[in-house]
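Inspection log for the structure reproduced underneath, given as structure tokens.
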Amino acid sequence: GGAGVIEVPLALNYGMARSSVASGGNLVNLYAQSTPEGAEGSVVLIGAPGTKQFASLQYTTAAGPFPETAVNAMIFAFNKIIAVCDNATYLLNENGSWNHFGTGLPGQVRTSFNRFDVVAVNGERGIWINEAGVDEITGDGWYPANDVAFLDSYFVFNRAGTGQFFQTGSYNRTLNPLDFAEAEKAPDNSRAVLAIGDNLLLFGDQSMEAWYNAANAAGFAFSRIPGATVEHGIASQTTACQFNGQAFWLSSGGLVMTCGATGGAQRISDDQVEAALKDRRADWDTARAFLYADEGHVFYVLTVGDITLAYDLSTGYWAQRSNYSRGCIIARCYVQAWGRHFVGDDQGRILEMSSGFYEDAGEPLIAEAVTMPYTNGRDFSAIGQFEIRMDTGLSPLGNEYQVRLAVSGDGVSWSPERPGSIGVSGDREKVVRWGKLGARKKHRLRIRISDPFRRALMAQAWMAVG
């Protein structure tokens, strides 16, 4: 084999295919971004945002205060974050102070807001929420609902366990038992409802239909748009999100889908993502997702069982997000408020999420990039040196932050990690490199960053091969 310096690309996309032969690289807590014209490389890998505690919620009973458990849904209303948790509902202010009302909703909670009231449902119960308090939804026209959406002055609910959808009156809490409709095309159970543009998307287990406001004088105000049916139902209502006229959801067949206000669905998951989802089939029913926009990117962040995969609408790439103590992220739900990003976890905490935080609620936020496999035909080749280009000189005074490198021949078992310094404070010219990495038939290198600094590295590395 010949010697020389070779450019080796880092993974840009989630590539943990089933067999180590077929798998490409992998990316955890990083995402790919194009660089400006004339920059050194065409793509840079940027660190995913970290989190910091904003509020720790407690509810009070006659027996005293108790820490809240799961934060199940959040929505911004009345210039406050409304957090619906297992045991209570909380109203949070911008300074992190909060008060709570005695009723919460456990499980998979969906919320909506009509300027006067927030509604929250969980498949069994529903509650009205405003600044005055929380009221249980009752009455003749009320049925258990998995989901709720607001469009053209009406709240629209699905009726759990049936193919039906029902609505409130215009800007009020009235529920008339006659104001309902049946999803017409497929005889499946209704699961979710999403308002997209001027239309409603009504999801069942097996299909999805687009409806428009027909201003029907009697009964349900909306009518089905002919031909706007998609043969991909929804696996879990808590995966349905919308952004800018596009809907995103995990289908009942294990694909991640998108469509516009009138249908026309497209698959955005790839084979590797679908393989990871298929391995977690038992968790589809409780899968959850949120969508957020940050630093010029929009991410659909999907958690299924012990894995979180984030789809970048700007690039079409998938990457993994992960928490130090568990496979998936700690966020259960998301809200944007006061120009900031917040997530809720399963320990009653509201966390602020920011690309300026390099820890995850007090735990390390570990970024990981793996190179694409390098092979020199069937021959052994030795790596004399490996180097990466990244933002350096970010260490605090008196300390040198590290990047850790491991090497593998098969992508499964890895060598012990070797540290590489990112340089002392202010050393922006520092090149991070490692020497003498051994001989193999196939090489794959894994870079890990756990120290708390801003992560930005070129998506290609260099190695001297002999």
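None of the values given here were measured: they were computed from a predicted structure.
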Fill in: Flag, side chain of Asp427 to backbone of Thr392, donor-acceptor distance under 3.5 Å
no
Fill in: Chi angles and distances behind the side chain to side chain contact (heavy atoms under 4.5 Å, CB included) call for Glu368, Asn29
CA-CA 7 Å; Glu368 177 180 306; Asn29 291 330; over 6 Å; no
Fill in: Check: Asn323/Glu363 side-chain N/O donor and acceptor closer than 3.5 Å
yes
Discussion item. Is the ring pair Phe54/Trp338 parallel, tilted or perpendicular, if the boundaries are 30 and 60 degrees?
Written reply: tilted
Discussion item. Lys80 and side-chain contact (heavy atoms from CB on, under 4.5 Å): which single residue from Ile75, Asn93, Leu92 fits?
Written reply: Asn93
Item to complete: Could you tell me how the ring of Tyr90 sits relative to the ring of Trp98: parallel (under 30°), tilted (30 to 60°) or perpendicular (over 60°)?
Response: perpendicular
Worksheet item: Okay, side chain of Tyr300, backbone of Thr239: is any donor-acceptor separation there less than 3.5 Å?
Response: yes
Worksheet item: How far apart are the closest heavy atoms of Leu394 and Asp391, and which atoms are they?
Response: CD1-O, 3.8 Å
Practice prompt. Measure from the side-chain N and O atoms of Ser251 to the backbone N and O of Gly233, and report whether any donor-acceptor pair falls under 3.5 Å.
Written response: no
Fill in: Minimum heavy-atom distance between Asn146 and Arg110, given as atom pair plus value
O-CG, 3.4 Å
Worksheet item: What pair of heavy atoms forms the shortest contact from Val84 to Ile129, and how long is it?
Response: CG2-CD1, 3.8 Å
Worksheet item: Where do Tyr59 and His100 come nearest, in terms of heavy atoms and distance?
Response: CA-NE2, 3.7 Å
Worksheet entry | side chain to side chain contact (heavy atoms under 4.5 Å, CB included) evaluation trace for Glu359 with Lys52 | CA-CA 7 Å; Glu359 292 182 326; Lys52 208 176 254 187; over 6 Å; no
Worksheet item: What is the ring orientation for Tyr292 with His341, classed by angle as parallel under 30°, tilted 30 to 60°, or perpendicular over 60°?
Response: perpendicular
Fill in: Donor on one side chain, acceptor on other, Asp451 and Gln402, under 3.5 Å
no
Practice prompt. Say whether, by atom type as modelled, one donor and one acceptor occur between the side chain of Arg332 and the main chain of Val71 under 3.5 angstrom.
Written response: yes
Worksheet item: Under a 4.0 Å N-O cut-off, is there an ion pair linking Asp285 with Arg191?
Response: yes
Worksheet item: Do the numbers put Arg418 on top of the ring of Phe386, so that NZ or CZ is under 6.0 Å from the six-membered ring centre and no more than 45° off the axis?
Response: no
Discussion item. Testing the basics here: between Asp205 and Ser252, what is the closest heavy-atom pair and its distance to 0.1 Å?
Written reply: O-OG, 2.6 Å
Discussion item. Among Leu445, Ile447, Val43, which residue satisfies the side-chain contact (heavy atoms from CB on, under 4.5 Å) criterion with Leu10?
Written reply: Ile447
Discussion item. Would you say Asn399 and Ser395 are linked by a side-chain donor-acceptor pair, where the criterion is simply a distance under 3.5 Å?
Written reply: no
Item to complete: Enter the distance from Ile329:CD1 to Arg288:CZ here, rounded to the nearest 0.5 Å.
Response: 10.0 Å
Fill in: Donor-acceptor contact below 3.5 Å, side chain Ser269 vs main chain Val256
yes
Item to complete: Report the C-alpha distance between Glu352 and Thr51 in whole Å, list the side-chain angles of each, state the deciding distance to 0.1 Å, and finish with yes or no for side chain to side chain contact (heavy atoms under 4.5 Å, CB included).
Response: CA-CA 5 Å; Glu352 184 170 1; Thr51 60; over 6 Å; no
Worksheet item: So, does Asp86 use its side chain to make a donor-acceptor pair with the main chain of Ala70 at under 3.5 Å?
Response: yes
Fill in: Donor-acceptor pair between Arg404 and Ser450 side chains, under 3.5 angstrom
yes
Fill in: Leu105 backbone acceptor or donor facing Asn72 side chain under 3.5 Å
yes
Discussion item. With a 3.5 Å distance limit and no angle check, can you tell me whether Asp147 reaches the backbone of Asn158 through a side-chain donor-acceptor pair?
Written reply: no
Practice prompt. Fit a plane to each ring of Phe290 and Tyr334, take the angle between them on a 0 to 90° scale, and name the class: parallel (under 30°), tilted (30 to 60°) or perpendicular (over 60°).
Written response: parallel
Worksheet item: Centres of the Phe113 and Phe78 rings: under 6.0 Å?
Response: yes
Item to complete: Applying salt bridge (Lys or Arg N to Asp or Glu O under 4.0 Å) between Glu274 and each of Arg281, Arg280, Arg267, report the one that passes.
Response: Arg267
Fill in: Side-chain donor/acceptor of Asp270 to backbone N/O of Gln272, under 3.5 Å
yes
Practice prompt. Please confirm whether Arg433 makes a cation-pi placement over Trp462, using NZ or CZ under 6.0 Å from the six-membered ring centre and within 45° of the ring normal.
Written response: no
Worksheet item: Going by atom types only, do Ser408 and Asp410 share a side-chain donor-acceptor pair under 3.5 Å?
Response: yes
Worksheet item: Passes side chain to side chain contact (heavy atoms under 4.5 Å, CB included), Tyr311 versus Leu313? Steps please.
Response: CA-CA 6 Å; Tyr311 177 73; Leu313 279 63; 3.8 Å; yes
Worksheet item: Is a side-chain donor or acceptor of Thr89 paired with a backbone partner of Phe101 at a separation under 3.5 angstrom?
Response: no
